[in-house]
Amino acid sequence: MSDPKSTELMEKIVSLSKRRGFIYPSSEVYGGINGFWDYGPLGAELKRNVKDLWWRSMVHYRDDVVGLEATIIMHPLIWKASGHLDTFSDPMSTCRQCKKLVRSDQAREMVEDADWFQELQRFYQQATQSSPVAVSAESLEKLAQATRKHAPSLALVRAREAVTARLLASAANNGPDWADENQFIRSVSTENAAAGLTHFPCPHCGGELTEPRPFNLMFKTHYGPVESDDNVCYLRPETAQAIFVQFKNVFETSRQKLPFGIAQVGKAFRNEVTPRNFTFRSREFEQMELEFFIKPDEAVAALAGGVASASDGAWQGTPQPDWGWEVWHKYWVEQRVRFYESIGLAREDFVEYWQKPDELAHYARATVDILFRFPFGVQELEGIAARGDFDLTQHQKFSGKSTEVFDEELRSAWAILDEPTRTALRARHESSLKESLLKKGIAGDEATAQAAAASQAYFEKLAKGHYVPHVIEPSAGVDRLILALLCKAYREVVSTDEKGKTETRVVLQFHPRIAPIKVGVFPLLKNKPELVAKALAVRDLLRPHMTVFYDESGAIGRRYARQDEAGTPFGVTIDFDTLGEKPELADTVTLRHRDDGRQERLPIAELLPRLLPLIR
RNA sequence: GCGGGUGUAGCUCAAUGGUAGAGCGCUAGUCUUCCAAACUAGUUACGAGGGUUCGAUUCCCUUCACCCGCUCCA
C-alpha cells in the first residue's frame, strides 16, 4: 500500500507544495500544529478555481440547485439530532501489549467472534457448575495451552503462574473472579489485579485493554464570554446539517419545487485521531456538499404512474419525473465523475466502491465512495449517499418543527389513483419497513405492528400531499481533491544537455481550468525597454480575463521552467519580431504550451479568443 | 494516545566537543533571440527548550513537527 516509492513521491509532492507556495504547514514558525495546513499563493488560486468550478457546475449551470452559506457554529442540539454527538465521541482503549487502538464499544463484539474467547466461555460454564468452583492448576494450564496460539498476550498465557494462583485462591471461596462470566474473562485477561481492577482482553492478542478514554472527535467551544455547561457548542464536523436545518427556509424562499438541491461549500472540523498523509486527513478541512431533495418513491409512483428502473441506464441522461431514489443516486454518481473529468482527472483514476449492505450506516440506503488512486493508497475523495428521509425526520423530531412539504399535484394524483395501485404501494412500503425493523433486532410481531402503524400514518399524509423529502448527498472534500489534483498533475521530465548532464525538471500538468496561473508573459530580454513595454501591454490585455504572471528575470528557458513547475499551461513571449524586426511578424507573439513545449506564432489580437475557451 | 524512524541554507548533501561548507535555487547586473546557458556580485541553516561542559549543531533529557504502523471514511 505504501511502498518506499510511493512514500518518496508523496515527499516530493509535499516538498514541491511548500517550495512553490501551494501548501505550507500551519503555524510553522511556532513549530507547526498537527493536522492543519495553509494554502500559499498558488494553492489559494488552485483551491479557489476548484471551488468555483464546483459551484458553477452544481448551482449556476442548473435550474434545480440553489446555494447556502451557513455558520460554522450552530445550535448544539443539531449535533444531537444528527447523531454526531453520540457517534463522534467513541471511548477508545489501547492494548497494553500489542498497542493497538480499539473502540471500546466494539471490543466486546470483536472478541466474541474469537475461538479462544469461546474456549474461555466454555471453561467458565463448566467450572461454575458446582460450588465451590471446580478448577485445578492442571485445567487452567490446559486452558492456557488452548488459547496460547491466538491470544498470546492473554494474562493467563503470559503470566500463567500469577494468574493461576489468583484464580485458584478465589475459586476456593467463590471469590469475585468467578462471580459472573464477564468478571472471569476480565480476570484471566489481567496480570496484576491490584485493588480488584481488571481489564477486558484485546481482540487482537488477548492483552490488557486500558480503561476506555473518551475520544471526542468534535471541536468543542462555548458561545458567550462565560464558559459553562449551558453554552457548550461545537464547530461543525460537516457542512451538510445546516442544509437540513435550513431546508424549510430555502424551500419557501427559493421558489423551488421538488426535486431540487441545496449546495454549500465551507469549512468543517474534526479532531481526527491521527491526521495523516499530508492534507488528506486534516483537522480543519473544507467540504463541497450537495443535498438533493427528492420525492419518496411512493409519491413518484403516484405522480408518474411508476418508478423508473435503475438498471436501464436512464441515469446517464437528463432527469425525468419518474425517477426514484435509485436512479437519482446513480445519476449523481455519474454527474460527480463527469465533474472530475472536466477538471483533468480520468475515469481510470477512480474506483467506484458501492458499500455492501452490512457496511452501510444506519441512515443510508446506499452509499458509493468515489476513491482516488493516491500514491499512498486508494482513498476516498467523495461519498454519495442515498440517505432516505433520515436527516429531515431527525430534525423534525428534535426541533419539533415540521420538515414536510406540501405537494398539490401529489394530492390530486393520489385522489384519482386506482385502488389496486394504492394497495400495492402500501403493501410494498409496509413490508420494506418491517424488514428494516427486523434488521434492527425488533421482534417479529412487534415489527409487524410497528410497520403497519407507521405505514398507515405515512400514507394518510401522502394522500393529502404531505411528505418528508428524501435526499441524495454527494459530499466531496476540497482539500482531498486538491491533493488528488496535485498528485495527478505531478510529472518529472528528465533531460540531458549537450554536455551529457542529466537534469530532472518538475512539470505540474494541471488542466488549464484549474491552473493557478493561466499564462506567463515574458519579454525575451529585459534590457530593451521596447520589449518590456510591449510585454507589459500584453499582460494588461490578458489580465482582466485570466491570472497572468509577468516575468522578465533570467534566461527565457529558466522562466519557462519556473512556470512549468507552477503548472502554468501557457507562455507568451514577446521578441524583436513582435516589435516589427521582420515586418510580416509585427505584433505577433510566441505561444508556448506547457505539456509538450510546442510553440506557435500568432497575432496578439488572437490571444484572447484563443485562450479563453481553453481556460473556461 | 501508543510504538518505530527523521530533523543542518529554499532544495540535495557535507563536516565538527572550539570559525558550519558545497552544488542547485533565489536576488541584482552583463548579453539581439526560445526551454533551469555563461560570467560577476549578493543571499540564507544546525526544529524548540533545558541540562552536562570553560565551551554543545555534536553528549543527555524534554518538547514540537514530519514520515511509517494501530484507529479514522470529506
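Just so you know, these numbers use all the heavy atoms, side chains as well, and skip hydrogens, waters and symmetry mates. Proteins get letters first, then strands, A, B, ... in listed order; numbering begins at 1 in each. If you're wondering where the values come from, they're calculated on a predicted model, not measured in any experiment.
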*Asks:* Can you tell me the distance, in whole Å, between the CD atom of A:E552 and the C1' atom of B:C34?
*Replies:* 17 Å
*Asks:* Roughly how many Å apart are B:U44 and B:G23, using the P atom of each and rounding to a whole number?
*Replies:* 16 Å
*Asks:* Quickly work out the A:N271 CG to B:U71 P distance and round it to whole Å.
*Replies:* 19 Å
*Asks:* Would you indicate what A:E28 reaches in the nucleic acid, counting non-hydrogen atoms under 4.0 angstrom: base, sugar-phosphate, or nothing?
*Replies:* nothing
*Asks:* What is the nucleic acid contact for A:F522, judged by heavy atoms within less than 4.0 Å: base, sugar-phosphate only, or nothing?
*Replies:* nothing
*Asks:* Applying a 3.5 Å limit to both distances, which nucleotide forms a Watson-Crick or G-U wobble pair with B:G21?
*Replies:* B:C13
*Asks:* Would A:E341 and A:R347 pass as an ion pair if we require N to O under 4.0 Å?
*Replies:* yes
*Asks:* Across the strands shown, which category fits A:G383 at heavy-atom distances under 4.0 angstrom: base, sugar-phosphate, nothing?
*Replies:* sugar-phosphate
*Asks:* Just to be sure I understand the rule, does A:D596 reach a base, reach only the sugar-phosphate, or reach nothing, if contact means heavy atoms closer than 4.0 Å?
*Replies:* nothing
*Asks:* Any side-chain N or O of A:R592 less than 4.0 Å from the OP1 or OP2 oxygen of B:C34?
*Replies:* no
*Asks:* Is it true that a side-chain atom of A:Q264 and a backbone atom of A:A70 form a donor plus acceptor pair closer than 3.5 Å?
*Replies:* yes
*Asks:* Touch check for A:Y24, heavy atoms < 4.0 angstrom, all strands: base, sugar-phosphate only, or nothing?
*Replies:* nothing
*Asks:* From CG of A:N277 over to C1' of B:U71, roughly how many Å is that when rounded to an integer?
*Replies:* 13 Å
*Asks:* If you find the nucleotide of RNA chain B closest to A:V506 and the one closest to A:F278, which residue's nucleotide is nearer the 5' end?
*Replies:* A:V506
*Asks:* Given the P atoms of B:A65 and B:A48, what is the spacing between them in whole Å?
*Replies:* 15 Å
*Asks:* Taking the C1' atom in each of B:G47 and B:U57, what is the distance between them to the nearest angstrom?
*Replies:* 12 Å
*Asks:* Hey, does the side-chain of A:E565 have a donor or acceptor N/O within less than 3.5 Å of a partner on the base of B:A36?
*Replies:* yes
*Asks:* Evaluate side-chain contact (heavy atoms from CB on, under 4.5 Å) for A:R20 paired with A:R562, printing each intermediate quantity in order.
*Replies:* CA-CA 9 Å; A:R20 292 314 309 245; A:R562 278 198 287 243; 4.2 Å; yes
*Asks:* Quantified in whole Å, what is the C1' atom distance between nucleotide B:G10 and nucleotide B:C26?
*Replies:* 8 Å
*Asks:* Name the pairing partner of B:U71, where a pair is Watson-Crick or G-U wobble with both distances under 3.5 Å, or state none.
*Replies:* none
*Asks:* I want to confirm an ordering. Mapping A:R601 and A:N527 to their closest nucleotides on RNA chain B, which one lands closer to the 5' end?
*Replies:* A:N527
*Asks:* Across all strands shown, which nucleotide pairs with B:A28 by Watson-Crick or G-U wobble geometry, both distances under 3.5 Å?
*Replies:* B:U40
*Asks:* When the distance from CD1 of A:I574 to C1' of B:U32 is rounded to whole Å, what number comes out?
*Replies:* 16 Å
*Asks:* Does the cation-pi check pass for A:R592 over A:Y560, that is, NZ or CZ under 6.0 Å from the six-membered ring centre and within 45° of its axis?
*Replies:* yes
*Asks:* In this structure, how many angstroms lie between the P atom of B:C73 and the CD1 atom of A:I370, rounded?
*Replies:* 18 Å
*Asks:* Which part of the nucleic acid, if any, lies within reach of A:K526 when heavy atoms closer than 4.0 Å are counted: base, sugar-phosphate only, or nothing?
*Replies:* sugar-phosphate
*Asks:* Counting only side-chain nitrogens and oxygens, does A:R558 get under 4.0 Å of the OP1 or OP2 atom of B:G25?
*Replies:* yes
*Asks:* Examine A:F570 together with A:H593 and report whether their ring centres are nearer than 6.0 Å.
*Replies:* yes
*Asks:* What distance, rounded to whole Å, do you find between the two C1' atoms, one in B:C24 and one in B:A37?
*Replies:* 15 Å
*Asks:* Could you check whether A:A555 gets within reach of a base, just the sugar-phosphate, or nothing at all, counting any heavy atom under 4.0 Å?
*Replies:* base
*Asks:* What distance, rounded to whole Å, do you find between the two C1' atoms, one in B:U19 and one in B:U40?
*Replies:* 27 Å
*Asks:* Distance between the P atoms of B:C70 and B:U52, in whole angstroms?
*Replies:* 42 Å
*Asks:* Please evaluate the base of B:C34 for a donor-acceptor partner in the side chain of A:T590 within a cut-off of under 3.5 Å?
*Replies:* yes
*Asks:* Whole-Å distance between B:C35 C1' and A:D575 CG?
*Replies:* 15 Å
*Asks:* At under 4.0 Å between heavy atoms, what does A:S282 touch on the DNA or RNA strands: base, sugar-phosphate, or nothing?
*Replies:* base
*Asks:* Would you indicate which nucleotide in B:U27, B:C34, B:C68 comes nearest to any side-chain atom of A:R276?
*Replies:* B:C68
*Asks:* Within this structure, what is the CZ-to-C1' distance between A:R283 and B:U71, rounded to whole angstrom?
*Replies:* 12 Å
*Asks:* Counting side-chain heavy atoms from C-beta on, which of B:C34, B:C68, B:A28 comes nearest to A:L524?
*Replies:* B:C34
*Asks:* Less than 4.0 angstrom between a side-chain N/O of A:K528 and OP1 or OP2 of B:U32, yes or no?
*Replies:* yes
*Asks:* Quick check for you: among B:C34, B:A28, B:G10, whose closest atom lies nearest to any side-chain atom of A:S553?
*Replies:* B:A28
*Asks:* Considering only atom C1', compute the distance from B:A9 to B:G42 and round it to an integer number of Å.
*Replies:* 14 Å
*Asks:* Taking a pair as Watson-Crick or G-U wobble with both distances under 3.5 Å, which nucleotide is matched to B:A65?
*Replies:* B:U6
*Asks:* Tell me what A:Q599 touches on the nucleic acid: a base, only sugar-phosphate, or nothing, going by heavy atoms under 4.0 Å.
*Replies:* base
*Asks:* Which one, B:C35, B:U32, B:A74, comes nearest to the side chain of A:L525?
*Replies:* B:U32
*Asks:* Would you indicate what A:E380 reaches in the nucleic acid, counting non-hydrogen atoms under 4.0 angstrom: base, sugar-phosphate, or nothing?
*Replies:* base
*Asks:* B:U52 pairs with which nucleotide, Watson-Crick or G-U wobble, both distances below 3.5 Å?
*Replies:* none
*Asks:* Please determine, by modelled atom types, if A:E552 and A:Y550 share a side-chain donor-acceptor pair under 3.5 angstrom.
*Replies:* yes
*Asks:* In this structure, how many angstroms lie between the P atom of B:C68 and the CG atom of A:L9, rounded?
*Replies:* 12 Å
*Asks:* Applying a 4.0 Å non-hydrogen cut-off, can you work out what A:E581 is touching in the nucleic acid: base, sugar-phosphate, or nothing?
*Replies:* base
*Asks:* For the residue pair A:F376 and A:F280, is the inter-centroid distance of their aromatic rings smaller than 6.0 Å?
*Replies:* yes
*Asks:* So, is A:R562 close to the B:U27 phosphate, meaning a side-chain N or O under 4.0 Å from OP1 or OP2?
*Replies:* yes
*Asks:* Charged N to carboxylate O below 4.0 Å: is that the case for A:E334 and A:R338?
*Replies:* yes
*Asks:* Using the ring of each side chain (for Trp, its six-membered ring), is A:F292 parallel, tilted or perpendicular to A:W328, with breaks at 30° and 60°?
*Replies:* tilted
*Asks:* With a non-hydrogen cut-off below 4.0 angstrom, is A:L381 in contact with a base, only sugar-phosphate, or nothing?
*Replies:* sugar-phosphate
*Asks:* Would you say A:N34 places a side-chain N or O within less than 4.0 Å of OP1 or OP2 belonging to B:C64?
*Replies:* no
